[in-house]
Amino acid sequence: MTLCDWPSHLAERAQACRASHLWRHRNTRQPASRRRDFAGNDYLGLSRDPRLAEAMAKGARDYGTGARASHLVNGHLAVHEALEQRLAELTGRPRALLFSTGYMANLGVIQALCDPRTRVFQDRLNHASLLDGARLSGAVSRRFHHRDTADLERLLERSPARHPRLVVSDGVFSMDGDVADIPGLAATARRHAAWLMVDDAHGLGVLGERGDGCVGRAYGIDEVPVLVGTLGKALGTAGAFVAGSEALIEHLIQFARPYTYTTAQPPGVAAASLAALDLLAEEPERRERLHALIARFRTAAERLGLPLVASTTPIQPIVLGDNATTLAWASRLAERGIQVGAIREPTVPRGKARLRITLSAAHADDDLDALIDALAECRDTHAATGEDTAT
Ligand SMILES: *Cc1c(COP(=O)(O)O)cnc(C)c1O
(Lines give C-alpha, C1' and ligand atoms only; values in the text may rest on other atoms or scores of the structure.)
Protein backbone atom coordinates (compact mmCIF):
# COMPACT_ATOMS: atom_id res chain seq x y z
CA MET A 1 0.00 0.00 0.00
CA THR A 2 1.40 3.42 -0.91
CA LEU A 3 1.01 6.10 1.70
CA CYS A 4 -0.62 9.30 0.57
CA ASP A 5 1.86 12.10 1.12
CA TRP A 6 0.68 15.68 1.50
CA PRO A 7 3.21 17.45 -0.75
CA SER A 8 2.25 15.40 -3.80
CA HIS A 9 -1.43 15.68 -2.93
CA LEU A 10 -1.17 19.49 -2.94
CA ALA A 11 0.95 19.51 -6.07
CA GLU A 12 -1.62 17.45 -7.97
CA ARG A 13 -4.47 19.73 -7.02
CA ALA A 14 -2.46 22.83 -7.89
CA GLN A 15 -1.54 21.38 -11.26
CA ALA A 16 -5.19 20.63 -12.13
CA CYS A 17 -6.27 24.06 -11.02
CA ARG A 18 -3.58 25.89 -13.03
CA ALA A 19 -4.35 23.82 -16.11
CA SER A 20 -7.95 25.10 -16.07
CA HIS A 21 -6.90 28.74 -15.55
CA LEU A 22 -8.48 28.67 -12.11
CA TRP A 23 -5.42 29.45 -9.98
CA ARG A 24 -6.00 32.69 -8.10
CA HIS A 25 -3.55 35.43 -7.21
CA ARG A 26 -3.66 38.19 -4.67
CA ASN A 27 -2.63 41.67 -5.75
CA THR A 28 -1.00 43.63 -2.97
CA ARG A 29 -2.31 47.17 -2.94
CA GLN A 30 -0.32 50.09 -1.61
CA PRO A 31 -2.06 52.81 0.42
CA ALA A 32 -1.53 55.48 -2.23
CA SER A 33 -2.22 53.24 -5.24
CA ARG A 34 -3.23 55.30 -8.26
CA ARG A 35 -4.88 52.35 -9.91
CA ARG A 36 -8.48 52.82 -10.87
CA ASP A 37 -10.47 50.44 -8.73
CA PHE A 38 -13.45 48.90 -10.51
CA ALA A 39 -13.25 45.68 -8.50
CA GLY A 40 -14.16 46.70 -4.94
CA ASN A 41 -17.54 47.10 -3.28
CA ASP A 42 -17.02 50.61 -1.91
CA TYR A 43 -20.09 51.80 -3.79
CA LEU A 44 -20.48 55.13 -2.02
CA GLY A 45 -16.77 55.86 -1.66
CA LEU A 46 -17.06 55.86 2.13
CA SER A 47 -14.08 53.63 2.93
CA ARG A 48 -11.59 56.46 2.35
CA ASP A 49 -13.65 59.15 4.03
CA PRO A 50 -11.52 60.81 6.74
CA ARG A 51 -14.58 61.24 8.97
CA LEU A 52 -14.92 57.47 9.20
CA ALA A 53 -11.22 57.08 9.98
CA GLU A 54 -11.56 59.71 12.71
CA ALA A 55 -14.62 57.94 14.19
CA MET A 56 -12.70 54.67 14.13
CA ALA A 57 -9.75 56.20 15.97
CA LYS A 58 -12.03 57.79 18.56
CA GLY A 59 -13.83 54.50 19.11
CA ALA A 60 -10.48 52.83 19.74
CA ARG A 61 -9.40 55.57 22.15
CA ASP A 62 -12.69 55.43 24.06
CA TYR A 63 -13.12 51.67 24.30
CA GLY A 64 -9.77 50.09 23.37
CA THR A 65 -8.59 48.63 20.09
CA GLY A 66 -10.23 45.29 20.78
CA ALA A 67 -13.51 44.30 22.41
CA ARG A 68 -11.56 41.81 24.59
CA ALA A 69 -14.36 39.21 24.83
CA SER A 70 -17.38 37.78 23.09
CA HIS A 71 -20.76 39.57 23.32
CA LEU A 72 -22.15 37.08 25.83
CA VAL A 73 -19.17 37.34 28.17
CA ASN A 74 -18.39 41.04 28.50
CA GLY A 75 -17.49 42.22 24.99
CA HIS A 76 -20.90 43.79 24.23
CA LEU A 77 -20.11 47.51 24.37
CA ALA A 78 -22.37 50.56 24.28
CA VAL A 79 -21.13 51.36 20.78
CA HIS A 80 -22.29 47.91 19.55
CA GLU A 81 -25.65 48.46 21.18
CA ALA A 82 -26.03 51.90 19.59
CA LEU A 83 -25.14 50.50 16.17
CA GLU A 84 -27.70 47.71 16.49
CA GLN A 85 -30.40 50.26 17.29
CA ARG A 86 -29.48 52.41 14.30
CA LEU A 87 -29.54 49.39 11.98
CA ALA A 88 -32.94 48.32 13.28
CA GLU A 89 -34.20 51.85 12.65
CA LEU A 90 -32.72 52.02 9.14
CA THR A 91 -34.35 48.76 8.10
CA GLY A 92 -37.64 49.34 9.93
CA ARG A 93 -37.28 46.24 12.11
CA PRO A 94 -37.83 45.87 15.87
CA ARG A 95 -34.27 44.69 16.43
CA ALA A 96 -30.91 44.01 14.81
CA LEU A 97 -27.95 41.87 15.86
CA LEU A 98 -24.38 42.72 14.93
CA PHE A 99 -22.02 40.04 13.58
CA SER A 100 -18.30 40.36 12.88
CA THR A 101 -18.65 39.54 9.17
CA GLY A 102 -21.37 38.81 6.64
CA TYR A 103 -20.05 35.32 6.16
CA MET A 104 -20.52 34.65 9.87
CA ALA A 105 -23.97 36.27 9.94
CA ASN A 106 -25.18 33.93 7.21
CA LEU A 107 -23.64 30.86 8.81
CA GLY A 108 -25.09 31.93 12.15
CA VAL A 109 -28.65 32.59 11.05
CA ILE A 110 -29.09 29.46 9.00
CA GLN A 111 -27.36 27.26 11.54
CA ALA A 112 -29.46 28.70 14.39
CA LEU A 113 -32.78 28.39 12.54
CA CYS A 114 -32.27 25.08 10.78
CA ASP A 115 -31.50 21.48 11.62
CA PRO A 116 -31.69 18.23 9.66
CA ARG A 117 -35.53 18.38 9.75
CA THR A 118 -35.58 21.80 8.07
CA ARG A 119 -35.83 22.33 4.33
CA VAL A 120 -33.87 25.24 2.85
CA PHE A 121 -34.70 26.62 -0.61
CA GLN A 122 -31.97 28.69 -2.23
CA ASP A 123 -31.70 30.65 -5.44
CA ARG A 124 -29.08 28.93 -7.59
CA LEU A 125 -26.91 32.03 -7.64
CA ASN A 126 -26.91 32.65 -3.89
CA HIS A 127 -23.68 33.69 -2.19
CA ALA A 128 -21.36 30.94 -0.97
CA SER A 129 -21.92 31.89 2.68
CA LEU A 130 -25.63 31.05 2.38
CA LEU A 131 -24.88 27.65 0.89
CA ASP A 132 -22.27 27.00 3.58
CA GLY A 133 -24.73 28.01 6.32
CA ALA A 134 -27.21 25.40 5.15
CA ARG A 135 -24.45 22.82 5.04
CA LEU A 136 -23.38 23.69 8.59
CA SER A 137 -26.94 23.32 9.86
CA GLY A 138 -27.33 19.85 8.37
CA ALA A 139 -30.61 20.94 6.70
CA VAL A 140 -31.73 19.48 3.41
CA SER A 141 -31.11 22.11 0.70
CA ARG A 142 -32.85 22.61 -2.62
CA ARG A 143 -31.83 25.11 -5.29
CA PHE A 144 -34.42 26.88 -7.44
CA HIS A 145 -33.72 28.47 -10.82
CA HIS A 146 -32.41 31.99 -10.64
CA ARG A 147 -35.20 34.49 -9.84
CA ASP A 148 -37.81 31.88 -10.76
CA THR A 149 -40.66 31.91 -8.24
CA ALA A 150 -42.63 29.31 -10.24
CA ASP A 151 -39.74 26.89 -9.76
CA LEU A 152 -39.64 27.74 -6.05
CA GLU A 153 -43.38 27.15 -5.83
CA ARG A 154 -42.96 23.72 -7.42
CA LEU A 155 -40.22 22.75 -4.95
CA LEU A 156 -42.25 23.97 -1.98
CA GLU A 157 -45.31 22.03 -3.11
CA ARG A 158 -43.27 18.86 -3.22
CA SER A 159 -41.75 19.26 0.22
CA PRO A 160 -43.58 17.87 3.25
CA ALA A 161 -45.38 20.69 5.07
CA ARG A 162 -44.59 19.23 8.49
CA HIS A 163 -40.99 20.42 8.14
CA PRO A 164 -40.08 24.05 8.88
CA ARG A 165 -39.08 25.68 5.61
CA LEU A 166 -36.75 28.59 4.89
CA VAL A 167 -36.49 30.36 1.53
CA VAL A 168 -33.17 32.15 1.06
CA SER A 169 -32.08 34.67 -1.56
CA ASP A 170 -29.45 37.30 -2.19
CA GLY A 171 -31.13 40.74 -2.47
CA VAL A 172 -28.73 41.99 -5.12
CA PHE A 173 -26.87 39.06 -6.66
CA SER A 174 -23.20 39.56 -5.99
CA MET A 175 -21.82 38.35 -9.32
CA ASP A 176 -24.69 39.41 -11.60
CA GLY A 177 -25.93 42.63 -10.06
CA ASP A 178 -29.60 41.87 -10.69
CA VAL A 179 -32.17 42.23 -7.92
CA ALA A 180 -34.30 39.44 -6.45
CA ASP A 181 -38.07 39.48 -6.99
CA ILE A 182 -38.82 40.27 -3.35
CA PRO A 183 -42.63 40.52 -3.64
CA GLY A 184 -42.74 37.25 -5.63
CA LEU A 185 -40.54 35.43 -3.13
CA ALA A 186 -42.48 36.82 -0.18
CA ALA A 187 -45.87 35.80 -1.59
CA THR A 188 -44.65 32.31 -2.53
CA ALA A 189 -43.01 31.74 0.85
CA ARG A 190 -46.10 32.95 2.69
CA ARG A 191 -48.42 30.59 0.81
CA HIS A 192 -46.38 27.71 2.22
CA ALA A 193 -45.83 29.14 5.71
CA ALA A 194 -42.12 29.33 4.91
CA TRP A 195 -39.91 32.13 6.18
CA LEU A 196 -38.05 34.32 3.71
CA MET A 197 -34.45 35.32 4.40
CA VAL A 198 -32.84 37.98 2.19
CA ASP A 199 -29.13 38.77 2.21
CA ASP A 200 -28.94 42.38 1.03
CA ALA A 201 -25.14 42.72 1.23
CA HIS A 202 -24.98 44.71 -2.03
CA GLY A 203 -28.29 46.55 -1.82
CA LEU A 204 -27.78 48.21 1.54
CA GLY A 205 -26.62 51.79 1.12
CA VAL A 206 -27.23 51.69 -2.63
CA LEU A 207 -30.92 50.95 -3.20
CA GLY A 208 -34.03 52.21 -1.44
CA GLU A 209 -35.11 55.76 -0.87
CA ARG A 210 -32.88 56.17 2.16
CA GLY A 211 -30.21 53.70 1.18
CA ASP A 212 -32.04 51.08 3.22
CA GLY A 213 -31.57 48.47 0.51
CA CYS A 214 -33.85 46.41 -1.72
CA VAL A 215 -35.86 45.20 1.32
CA GLY A 216 -35.43 47.85 4.02
CA ARG A 217 -38.58 49.70 4.92
CA ALA A 218 -40.32 48.79 1.65
CA TYR A 219 -41.02 45.24 2.93
CA GLY A 220 -41.86 44.54 6.56
CA ILE A 221 -41.14 41.53 8.74
CA ASP A 222 -44.35 39.82 7.59
CA GLU A 223 -42.86 39.68 4.11
CA VAL A 224 -39.17 39.33 4.90
CA PRO A 225 -38.83 38.00 8.46
CA VAL A 226 -35.05 37.55 8.22
CA LEU A 227 -32.99 40.38 6.74
CA VAL A 228 -29.19 40.35 6.54
CA GLY A 229 -27.06 43.35 5.62
CA THR A 230 -23.30 43.85 5.56
CA LEU A 231 -21.24 46.88 6.48
CA GLY A 232 -18.05 46.13 4.54
CA LYS A 233 -19.48 47.10 1.17
CA ALA A 234 -21.38 50.36 0.58
CA LEU A 235 -20.88 51.45 4.18
CA GLY A 236 -17.11 51.15 3.83
CA THR A 237 -16.39 49.53 7.22
CA ALA A 238 -16.75 45.88 8.27
CA GLY A 239 -19.24 43.56 9.88
CA ALA A 240 -22.84 42.61 9.26
CA PHE A 241 -26.21 42.40 10.94
CA VAL A 242 -29.41 40.43 11.02
CA ALA A 243 -32.62 42.41 11.46
CA GLY A 244 -35.99 41.00 12.45
CA SER A 245 -38.41 40.36 15.27
CA GLU A 246 -37.57 40.35 18.94
CA ALA A 247 -38.04 36.56 18.98
CA LEU A 248 -35.69 36.02 16.02
CA ILE A 249 -32.91 38.14 17.50
CA GLU A 250 -33.20 36.50 20.92
CA HIS A 251 -33.08 33.10 19.26
CA LEU A 252 -29.88 34.06 17.43
CA ILE A 253 -28.26 35.37 20.61
CA GLN A 254 -28.94 32.01 22.23
CA PHE A 255 -28.20 29.62 19.38
CA ALA A 256 -26.06 31.17 16.63
CA ARG A 257 -22.64 29.66 17.23
CA PRO A 258 -20.77 32.09 14.94
CA TYR A 259 -22.22 34.82 17.17
CA THR A 260 -21.46 33.22 20.51
CA TYR A 261 -17.99 31.83 19.98
CA THR A 262 -16.13 34.80 18.62
CA THR A 263 -14.72 38.03 20.00
CA ALA A 264 -17.03 41.00 19.49
CA GLN A 265 -16.13 43.33 16.65
CA PRO A 266 -13.49 45.98 17.51
CA PRO A 267 -15.33 49.02 18.92
CA GLY A 268 -13.59 51.41 16.52
CA VAL A 269 -15.14 49.53 13.61
CA ALA A 270 -18.61 49.86 15.13
CA ALA A 271 -18.00 53.58 15.72
CA ALA A 272 -16.98 53.99 12.07
CA SER A 273 -20.17 52.21 10.98
CA LEU A 274 -22.23 54.67 13.03
CA ALA A 275 -20.45 57.53 11.25
CA ALA A 276 -21.13 55.85 7.89
CA LEU A 277 -24.85 55.67 8.73
CA ASP A 278 -24.80 59.41 9.46
CA LEU A 279 -23.28 60.08 6.04
CA LEU A 280 -25.78 57.75 4.39
CA ALA A 281 -28.57 59.98 5.72
CA GLU A 282 -26.83 63.33 5.26
CA GLU A 283 -25.30 62.88 1.81
CA PRO A 284 -27.91 61.36 -0.54
CA GLU A 285 -25.92 62.91 -3.42
CA ARG A 286 -23.51 59.96 -3.16
CA ARG A 287 -26.29 57.60 -4.21
CA GLU A 288 -27.42 59.97 -6.95
CA ARG A 289 -23.89 60.24 -8.32
CA LEU A 290 -23.55 56.44 -8.27
CA HIS A 291 -26.77 55.90 -10.20
CA ALA A 292 -25.78 58.52 -12.77
CA LEU A 293 -22.47 56.68 -13.30
CA ILE A 294 -24.28 53.36 -13.68
CA ALA A 295 -26.48 54.85 -16.41
CA ARG A 296 -23.48 56.37 -18.22
CA PHE A 297 -21.54 53.12 -18.05
CA ARG A 298 -24.41 51.09 -19.47
CA THR A 299 -25.03 53.47 -22.32
CA ALA A 300 -21.35 53.43 -23.32
CA ALA A 301 -20.96 49.66 -22.89
CA GLU A 302 -24.09 48.99 -24.96
CA ARG A 303 -22.71 51.21 -27.68
CA LEU A 304 -19.59 49.02 -27.71
CA GLY A 305 -21.80 45.94 -27.99
CA LEU A 306 -20.45 44.38 -24.78
CA PRO A 307 -22.40 41.48 -23.26
CA LEU A 308 -23.97 43.20 -20.26
CA VAL A 309 -26.32 41.67 -17.69
CA ALA A 310 -29.71 43.29 -16.96
CA SER A 311 -28.43 45.06 -13.85
CA THR A 312 -29.44 48.44 -12.45
CA THR A 313 -26.95 48.23 -9.61
CA PRO A 314 -23.24 49.15 -9.34
CA ILE A 315 -22.36 45.53 -10.15
CA GLN A 316 -21.99 45.47 -13.95
CA PRO A 317 -20.57 42.16 -15.13
CA ILE A 318 -19.36 41.50 -18.65
CA VAL A 319 -19.89 37.80 -19.21
CA LEU A 320 -17.15 36.55 -21.55
CA GLY A 321 -17.63 32.81 -21.03
CA ASP A 322 -14.26 31.14 -20.85
CA ASN A 323 -11.57 31.56 -18.23
CA ALA A 324 -8.64 32.37 -20.50
CA THR A 325 -10.47 35.19 -22.31
CA THR A 326 -11.60 36.66 -19.02
CA LEU A 327 -8.04 36.65 -17.69
CA ALA A 328 -6.74 38.17 -20.93
CA TRP A 329 -9.21 41.07 -20.72
CA ALA A 330 -8.49 41.61 -17.04
CA SER A 331 -4.75 41.73 -17.57
CA ARG A 332 -5.05 44.15 -20.47
CA LEU A 333 -7.18 46.40 -18.26
CA ALA A 334 -4.58 46.05 -15.51
CA GLU A 335 -1.88 47.23 -17.94
CA ARG A 336 -3.99 50.35 -18.38
CA GLY A 337 -4.09 50.84 -14.61
CA ILE A 338 -7.64 49.53 -14.24
CA GLN A 339 -8.54 46.82 -11.78
CA VAL A 340 -11.59 44.63 -12.29
CA GLY A 341 -12.53 41.24 -10.87
CA ALA A 342 -11.88 38.23 -13.13
CA ILE A 343 -14.52 35.86 -11.80
CA ARG A 344 -14.40 32.17 -12.61
CA GLU A 345 -15.87 28.95 -11.26
CA PRO A 346 -16.75 27.96 -8.63
CA THR A 347 -17.80 31.56 -7.84
CA VAL A 348 -19.89 31.56 -11.04
CA PRO A 349 -21.05 28.53 -13.08
CA ARG A 350 -18.61 26.97 -15.54
CA GLY A 351 -18.71 28.70 -18.92
CA LYS A 352 -19.95 31.94 -17.35
CA ALA A 353 -16.59 33.51 -16.48
CA ARG A 354 -16.79 37.27 -16.41
CA LEU A 355 -15.28 40.60 -15.64
CA ARG A 356 -17.01 41.90 -12.57
CA ILE A 357 -16.97 45.66 -12.93
CA THR A 358 -18.21 47.69 -10.00
CA LEU A 359 -18.93 51.39 -9.92
CA SER A 360 -18.52 53.80 -7.05
CA ALA A 361 -19.61 57.34 -6.27
CA ALA A 362 -15.88 57.98 -5.75
CA HIS A 363 -15.14 57.47 -9.46
CA ALA A 364 -14.43 60.60 -11.46
CA ASP A 365 -15.75 61.04 -15.00
CA ASP A 366 -12.16 60.49 -16.17
CA ASP A 367 -12.04 57.12 -14.49
CA LEU A 368 -15.16 55.99 -16.31
CA ASP A 369 -13.82 57.27 -19.64
CA ALA A 370 -10.56 55.37 -19.10
CA LEU A 371 -12.51 52.20 -18.34
CA ILE A 372 -14.63 52.52 -21.47
CA ASP A 373 -11.60 53.20 -23.69
CA ALA A 374 -9.77 50.20 -22.28
CA LEU A 375 -12.83 47.96 -22.77
CA ALA A 376 -13.09 49.12 -26.38
CA GLU A 377 -9.47 48.12 -26.86
CA CYS A 378 -10.10 44.69 -25.31
CA ARG A 379 -13.05 44.13 -27.59
CA ASP A 380 -11.00 45.00 -30.69
CA THR A 381 -8.02 42.90 -29.63
CA HIS A 382 -10.23 40.00 -28.73
CA ALA A 383 -11.95 40.11 -32.12
CA ALA A 384 -8.51 39.88 -33.75
CA THR A 385 -7.25 36.93 -31.70
CA GLY A 386 -10.56 35.37 -30.77
CA GLU A 387 -9.67 31.95 -32.11
CA ASP A 388 -6.74 31.60 -29.77
CA THR A 389 -8.60 32.45 -26.60
CA ALA A 390 -12.18 31.31 -27.15
CA THR A 391 -11.61 27.72 -26.11
C1 LIG B 1 -19.76 39.90 0.61
C2 LIG B 1 -20.97 39.09 0.85
C3 LIG B 1 -21.16 38.43 2.06
C4 LIG B 1 -20.06 38.33 3.10
O5 LIG B 1 -19.92 39.50 3.79
P6 LIG B 1 -18.54 39.79 4.54
O7 LIG B 1 -18.87 40.83 5.52
O8 LIG B 1 -17.58 40.23 3.49
O9 LIG B 1 -18.12 38.51 5.19
C10 LIG B 1 -22.35 37.80 2.27
N11 LIG B 1 -23.33 37.79 1.33
C12 LIG B 1 -23.16 38.39 0.14
C13 LIG B 1 -24.27 38.35 -0.86
C14 LIG B 1 -21.97 39.04 -0.14
O15 LIG B 1 -21.79 39.60 -1.33
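As the structure lists them, so they are numbered: ligands from 1, and atoms in each ligand from 1. Values below: all heavy atoms of this structure, side chains included; hydrogens, waters and symmetry mates excluded.
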ask   = What residue and atom, counting heavy atoms only, is the protein's closest point to atom 8 (O) of ligand 1, and at what distance?
value = Lys233 NZ, 4.2 Å
query = Going by the atom numbers of ligand 1, which of them fall below 4.0 Å from some non-hydrogen atom of Tyr103?
reply = 4 (C), 5 (O), 6 (P), 9 (O)
inquiry  = Quick one about Gln316 and Arg356 (side-chain donor to acceptor, distance below 3.5 Å, no hydrogens or angles considered), yes or no?
reply    = no
key: Worked check of ring-ring contact (aromatic ring centres under 6.0 Å, His included) between Tyr259 and Phe99   = CA-CA 6 Å; Tyr259 181 77; Phe99 281 75; 5.4 Å; yes
key: Any N or O of Ser174 closer than 3.5 Å to N or O of ligand 1   = no
query = Taking only heavy atoms of His202, which atoms of ligand 1 are found under 4.0 Å from at least one of them?
reply = 14 (C), 15 (O)
key: Identity and separation of the nearest protein heavy atom to atom 12 (C) of ligand 1   = Asp199 OD2, 3.2 Å
task = Give the atoms of ligand 1, by number and element, whose distance to some non-hydrogen atom of Gly102 is under 4.0 Å.
result = 4 (C), 5 (O), 6 (P), 7 (O), 9 (O)
remark   = For Asn106, the ligand 1 atoms with a heavy-atom partner under 4.0 Å come out as 10 (C), 11 (N)
request  = For the residue pair His202 and Asp170, confirm or rule out a side-chain donor-acceptor distance under 3.5 Å.
outcome  = no
ask   = At under 4.0 Å between heavy atoms, which part of Thr230 makes contact with ligand 1: side chain, backbone, both or neither?
value = side chain
task = Measure Ala240 to ligand 1 on non-hydrogen atoms and call it side chain, backbone, both or neither using the 4.0 Å cut-off.
result = neither
task = Determine whether the side chains of Arg165 and Thr118 contain a donor N or O and an acceptor N or O closer than 3.5 Å.
result = no
query = Is it the case that His21 and Arg344 place a side-chain donor and acceptor less than 3.5 Å from each other?
reply = no
message = Suppose I only count heavy atoms of Ser129 and a 4.0 Å limit; which atoms of ligand 1 are within that range?
response = 10 (C), 11 (N)
key: 4.0 Å heavy-atom contact, Met104 with ligand 1   = no
query = Does a salt bridge link Glu153 with Arg191, judged by any charged N lying under 4.0 Å from a carboxylate O?
reply = yes
inquiry  = Could you tell me if Asp199 and Asn106 have a donor-acceptor pair between their side chains, going purely by distance under 3.5 Å?
reply    = yes
request  = For residues His127 and Tyr103, establish whether the separation of their ring centroids is below 6.0 Å.
outcome  = no
query = Would you say ligand 1 has an N or O under 3.5 Å from any N or O of Asp170?
reply = no
